[in-house]
Student: 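Dropping the structure in here first, questions after.
As the structure lists them, so they are numbered: ligands from 1, and atoms in each ligand from 1. Numbers here simply count residues along the sequence, with the first being 1.
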Amino acid sequence: MTTFTLAHLSDPHIPPLPKPKPVELLGKRVLGYLNWARNRHRIHRREMLDAIVADMLAQRPDHIAVTGDLVNLALAAEFAPARTWLERVGPPDRVTLVPGNHDAYVRGAVPRFAQTFGDYMRGDVEAPGFPFLQRRGPLALIGVSTAVPTAPFMATGWLGQSQLDALDRMLAELSGASLFRALLIHHPLRSKHAHKRLTDSDALQAVLKRRGVELILHGHDHIHSTMWFEGPTGRIPAVGVPSASSIADGHKPAAAYNMFAITRENDAWRCEQTVRGFGNGTEIGELQRSMLT
Ligand SMILES: [Fe+2]
């Protein structure tokens, strides 16, 4: 019985932040820049991110999922270094990306992100856009975009009806195909904070309850998290990870990533999750191991 391994990291917020041009600091970015200068530059560290990526690549996963927030303020100068970083994680046929709210920090960033990373978030057959579907081994990777520009102090996400309808159709076509369906989404489906929530999560949950997936992977909250949602034949696990670049700052945990070992056994999927990261130490190690299904 062969096992397929899927690694998941999120929210690298790739440091360092290039110095913004004065014209780029109009509107929402000025607040984000002050926040970076005051706090975030101390939390998101390049050496943490590099160590996480090196450890993950040493595990030799079959595929890697990255659920957004590659950049911080979506400045023009952030995109080329972000592309270089992602290419070091792996080529587009081994890495699947979905965008986060920081990747769409301002309206003008949305097309730039799509241009820069289009080959990492494109379906095998359909035209560019969301949702997209990639088949890798026994996996059907489904990527959606919740990344929309928001007002200052807001970090909400939104899918929209046309994406939800297309997702519904896509999942209906996949039903009965014996594939392990993994939904990649930046925002968690449930949030304690109204200003960070996925605003049309109820509609997404209705689609998932009707059609089902085997696993949901998300970022955004920068914490270890497992939530469960109703599917057509049982509960669906939704797993979130800390930022791949963060130090433990007293509020959020240190950088970590997840590995999922996926095996077909007696007509059912087995999925074992291994959490690897810094924990409370200075070296990366295994933090937890558990059977999700
Ligand atoms: Fe983030």
Student: H222 and H13: aromatic ring centres closer than 6.0 Å?
Tutor: yes

Student: Taking atom CZ of R83 as the centre, report whether more than 12 heavy atoms of other residues, nucleotides or ligands fall under 6.0 Å from it.
Tutor: yes

Student: Listing by chain and number, which protein N, O or S atoms are under 2.8 Å from the Fe ion (ligand 1)?
Tutor: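 Hits for the Fe ion (ligand 1) below 2.8 Å: D11 OD2, H13 NE2, D69 OD2, H222 NE2.
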
Student: If only side-chain N and O atoms count, and only distance matters, is there a donor-acceptor pair under 3.5 Å linking Q134 with D124?
Tutor: no

Student: Does CD belonging to E126 count more than 12 external heavy atoms closer than 6.0 Å?
Tutor: yes

Student: In terms of side-chain heavy atoms, does H44 have a donor or acceptor partner in S243 at a distance below 3.5 Å?
Tutor: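 The criterion, which ignores hydrogens and geometry beyond distance, is satisfied for S243 and H44.
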
Student: Is the Lys NZ or Arg CZ of K209 less than 6.0 Å from the centre of F229's six-membered ring, within 45° of the axis?
Tutor: no

